[in-house]
Amino acid sequence: MKIATFNVNGIKARYGAVSDWLREDAPDIAVLQEIKSTDEAFPREIAEEACYELHTHGQKGFNGVALLSKTPLEDVTRGLPGDDADEQARYIEGTAIGAGGAVRICGLYLPNGNPAPGPKYDYKLAWMARLEARARELLAAEEPFLMTGDFNVIPEDRDAARPEAWAKDALGLPETRRAWRRLLNLGLTDAFRARVQGPGHYSFWDYQAGAWSRNDGIRIDHFLLSPAVADRMTDCTIQTELRGREKPSDHVPVWLTLDA
DNA sequence: ATGGTCGTTTAACGA
């Protein structure tokens, strides 16, 4: 089973790119972020024409996440538990039933948090604490799961071309990295880092200042795997090539392959 | 130190 996460930066602007990607690369499950669309305005035919079941959790103009699956997902839920007043569409879960067993897919678009310090950074840290609580629940239930999406977290210096440029940014601040390590310390696996240790592997390049042409990137799109799912991983790769195409997103897909 | 680029929505705001 192949699962891909992709921050598309607007599903309408990326209609052609995402449509081509689904047909050519055919993930079994696609986890999308920043659809920037309401559920009603989402172009459903992008999924239907490529034979995907579609589940969206959108809002007008900003944020928004989606799950696309070749086979039906069970128990789809929307929103991250822990704050009933949170109106931002950043989280969706569904259970995939594969030959290797059931996996709970948690798709997320973690808050950017800039400027830091400030209320937006407070919201990011509170959101990360809620994500940790959700991970604890799933671990306690012994439910195999993965959390994937745009985490807006640069885990370590090797995950940025210029780490010094991010040291005081909400994506790279020590408190952000501590919250990330709390997730790892629960026993979750950073899938890409379990496969590749070296520097120079990124998933985002800013549109500005020729960041892509200078390979001035950061790795912020991740897969975190529960122990049972980590045991099933056979590969994890970044589809860097997509960033060089016409009218790209500023993020590229990250892929996870599980046995069966 | 500033501005540089996109997407959504149409004057800024978010990233």
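The chains referred to below are lettered A, B, ... by the order of the sequence lines, with proteins before strands, and numbering in each begins at 1.
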Would you mind reporting whether A:Glu93 and A:Tyr91 have side-chain heavy atoms less than 4.5 Å apart? yes
Using a strict heavy-atom distance below 4.0 Å, which residues from residues 199-213 of chain A are in contact with DNA chain B? A:Tyr207, A:Gln208
Would you say A:Glu164 has more than 12 foreign heavy atoms packed within less than 6.0 Å of its CD? yes
Check the distance between B:dT5's P and A:Glu246's CD and give it to me in whole angstrom. 17 Å
Most 5' of A:Pro111 and A:Pro248 on DNA chain B, judged by nearest nucleotide: A:Pro248
Between B:dC6 and B:dA11 - C1' atom distance, rounded Å: 16 Å
Does anything in residues 165-176 of chain A reach DNA chain B, meaning a heavy atom under 4.0 Å, and if so which residues? none
Aromatic rings A:Trp180 and A:His222: how do their planes relate, parallel, tilted or perpendicular, breaks at 30° and 60°? tilted
Begin with the C-alpha distance, continue with both residues' side-chain angles, and end with the deciding distance and a verdict on salt bridge (charged side-chain N to carboxylate O under 4.0 Å, His left out) for A:Asp159 and A:Arg193. CA-CA 10 Å; A:Asp159 297 308; A:Arg193 279 304 178 208; 2.8 Å; yes
How close or far is atom C1' of B:dG14 from atom CG of A:Asn63, stated in whole angstroms? 9 Å
What I'd like to find out is whether the side chain of A:Phe223 reaches to under 4.5 Å of the side chain of A:Thr189, using heavy atoms alone. no
Taking for each residue the nucleotide of DNA chain B bearing the nearest heavy atom, is the 5' side occupied by A:Lys247 or by A:Arg90? A:Lys247
Does a side-chain heavy-atom distance below 4.5 Å link A:Thr176 with A:Leu171? no
If you define the side chain from C-beta out and look only at heavy atoms, does anything of A:Leu131 sit under 4.5 Å from A:Leu183? yes
Expected rows: protein N/O vs nucleotides 8-11 of chain B N/O, under 3.5 Å:
unit_1: B:dT9; atom_1: OP1; unit_2: A:Gly61; atom_2: N; d: 3.3

Decide side chain to side chain contact (heavy atoms under 4.5 Å, CB included) for A:Asp20 and A:Val18; before the verdict, give the C-alpha distance in whole Å, the side-chain angles of both, and the deciding distance to 0.1 Å. CA-CA 5 Å; A:Asp20 291 347; A:Val18 172; over 6 Å; no
For atom C1', what is the distance between B:dA15 and B:dG4, given to the nearest Å? 14 Å
How close or far is atom P of B:dG7 from atom NE2 of A:His251, stated in whole angstroms? 13 Å
Report the distance from atom CD of A:Gln88 to atom C1' of B:dC13, rounded to the nearest whole Å. 13 Å
Value for NE2 (A:His251) from CD (A:Gln239), rounded to nearest 0.5 Å, stands at 15.0 Å
Distance in angstrom units between A:Gln33 CD and B:dG14 C1', rounded: 16 Å
Rounding to an integer number of angstrom, what distance separates B:dG3 and B:dT8 when you compare their P atoms? 25 Å
Atom CG of A:Asp150 to atom P of B:dG14: distance rounded to whole Å? 17 Å
Okay, side chain of A:Glu34, backbone of A:Asn9: is any donor-acceptor separation there less than 3.5 Å? no
Which whole-number value in Å describes the distance from A:Asn7 CG to B:dA15 P? 11 Å
Under a 4.5 Å cut-off applied to non-hydrogen side-chain atoms, are A:Val252 and A:Tyr202 in contact? no
Does A:Lys70 qualify as a cation-pi partner of A:Tyr52, given the criterion of NZ or CZ under 6.0 Å from the six-membered ring centre and within 45 degrees of its axis? yes
Using the P atom as the point on both nucleotides, what is the distance between B:dT9 and B:dG14, in whole Å? 14 Å
Atom CD of A:Glu34 and atom C1' of B:dC6: how far apart are they, to the nearest Å? 11 Å
